[in-house]
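We use all heavy atoms of the structure for the numbers below, so side chains are in, but hydrogens, waters and symmetry mates are not. Numbers restart at 1 for each chain; the letters A, B, ... are given by sequence-line order, proteins then strands.
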Number of protein chains: 2
Amino acid sequence: MKLSTKGRYGLKAMVDLAIHSQDKHIALKHIAQRQDISEHYLEQLIAVLRKSGLVKSIRGAQGGYTLALPPKEITVGDILRSLEGSLTPVDCVGEDPTSQCKEWDFCVTKDVWKKIGDKINEVVDSITLEDLIKDYEKINGEKEYMYYI
Amino acid sequence: MKLSTKGRYGLKAMVDLAIHSQDKHIALKHIAQRQDISEHYLEQLIAVLRKSGLVKSIRGAQGGYTLALPPKEITVGDILRSLEGSLTPVDCVGEDPTSQCKEWDFCVTKDVWKKIGDKINEVVDSITLEDLIKDYEKINGEKEYMYYI
DNA sequence: TTAATTCCTACTTTTACAGTCGGTTTTATA
DNA sequence: TATAAAACCGACTGTAAAAGTAGGAATTAA
């Protein structure tokens, strides 16, 4: 029941972008360096985020990435579901109706999984990138050199 | 972010036990058959549950398993944590303090993981096997032949 | 004594994760 | 207009955990 590095790296990268790409574009290389993530691997993750419409890119020299929306309009849930798929503990209570088992109507445990999934989504949908930027500033103050997220 | 079959099978087996082993012992074979789980595999899972003190066994012919406590005193959380380990989405906010990263104090995302973990534990600790038996009876009524959990 | 059962250790197969590699395409700027 | 910096792309690889198999030893009711 652990998140994979996709979700963890992805969220860190998005917070990094939210902090450093105010109206400019940031090269993937710099995000990868600051957050200590393999550049090639992060490339694959940010491709998913781009296809989900959460980041925008500019190609070519001096290109890079920036948020596709204001930080306050991007939730942790948007990011995690984009990279991890449904955040429910089992597939049968996720979005995809075809994954419902045929004993669905008689299943007792599905209610447990549903409650867990609902709470997880509630939490992640209630936190925006803006919230995390504020936390970051509160913790790190004016220290320009402090990048850790 | 999915539960493994350990947690899923384990909970099903425990609900099966709660329903069928009122003051008697149930052979693993029967649980495995009803719940459609590999007998040998379930054996490994129930060994964990036994070592956690959630089920008791009697060896030899006519032996079997029964709950170690009344259904109302066993929560879904007890079962899942026993089989899956900590239910937090990342290790650094779990029980084990040695898994905290060294940037802990400056980490913004850990608060997200902590909130998720707290909610998950809140849900699973609020549901007991007794609750699930009641759900089962409500759904399946008097139908003796209906085993699905 | 036999058959049913738990208990135990080791092995195997499959799958997803977490990358790596080697490029092609686009574009600012010198 | 050449060059270097960047995004973009698809295929490959190593590893670890999950999921399940296999075979037998120990225990015990009938």
Subject >> Spacing between A:Leu28 atom CG and D:dC8 atom P, to the nearest angstrom >> reply: 9 Å
**OP:** Identify, with sequence neighbours excluded, every residue that meets salt bridge (Lys or Arg N to Asp or Glu O under 4.0 Å) alongside A:Lys119.
**Re:** A:Glu122
Original post:
With the threshold set at 4.0 Å, does a side-chain nitrogen-carboxylate oxygen contact exist between B:Asp118 and B:Lys114?
Top reply: yes
**OP:** Grab the CG-C1' distance between A:Leu3 and C:dA18 for me, whole Å please.
**Re:** 14 Å
Subject >> Interatomic distance where CE belongs to A:Met1 and C1' belongs to D:dA17 [whole Å] >> reply: 17 Å
Original post:
When you check the phosphate oxygens OP1 and OP2 of D:dA19, does a side-chain N or O of B:Arg8 lie under 4.0 Å from one of them?
Top reply: no
Subject >> Rounded interatomic separation in angstrom, taking NZ from B:Lys56 and P from C:dT6 >> reply: 15 Å
**OP:** Let me know the distance between CG of A:Leu49 and P of D:dA7, rounded to the nearest Å.
**Re:** 14 Å
Original post:
Between A:Thr5 and C:dA18, does any side-chain N or O lie under 4.0 Å from OP1 or OP2?
Top reply: yes
Subject >> B:Asp125, B:Val123, B:Val124 screened by side-chain contact (heavy atoms from CB on, under 4.5 Å) with B:Ile127, the one that passes >> reply: B:Val123
Subject >> Check: B:Asn121 side chain, B:Gly117 main-chain N or O, donor-acceptor pair, under 3.5 Å >> reply: yes
Original post:
Counting just side-chain N and O atoms, does A:Lys29 come under 4.0 Å of either OP1 or OP2 of D:dA5?
Top reply: no
Subject >> Check: B:Ser4/B:Glu84 side-chain N/O donor and acceptor closer than 3.5 Å >> reply: yes
Original post:
Are A:Ile79 and A:Val48 linked, directly or through other ILVMFWY residues, by side chains that come within less than 4.5 angstrom of each other?
Top reply: yes
Original post:
OP1 or OP2 of C:dT6 sitting under 4.0 Å from any side-chain N/O of B:Ser57?
Top reply: no
**OP:** Give a yes/no on whether any side-chain N or O of B:Ser4 is located under 4.0 angstrom from OP1 or OP2 of D:dA17.
**Re:** no
**OP:** Ignoring hydrogens and angles, state whether a donor on the side chain of A:Tyr9 or A:Ser38 is under 3.5 Å from an acceptor on the partner side chain.
**Re:** no
Original post:
Over how many whole Å does the gap from A:Leu45 atom CG to D:dC9 atom P extend?
Top reply: 15 Å
Original post:
Once each nucleotide of nucleotides 20-30 of chain C is scored for protein heavy atoms under 4.0 Å, what B/S/- sequence comes out, 5' to 3'?
Top reply: BBB--BBBS--
**OP:** Could you state the atom-to-atom distance from CD1 of B:Ile31 to C1' of C:dT6 in whole Å?
**Re:** 12 Å
Original post:
Just checking B:Ile46: base, sugar-phosphate only, or nothing, at a heavy-atom cut-off of under 4.0 Å?
Top reply: nothing
Original post:
With respect to the phosphate group of C:dG19, does any side-chain polar atom (N or O) of A:Tyr9 fall under 4.0 Å of OP1 or OP2?
Top reply: yes
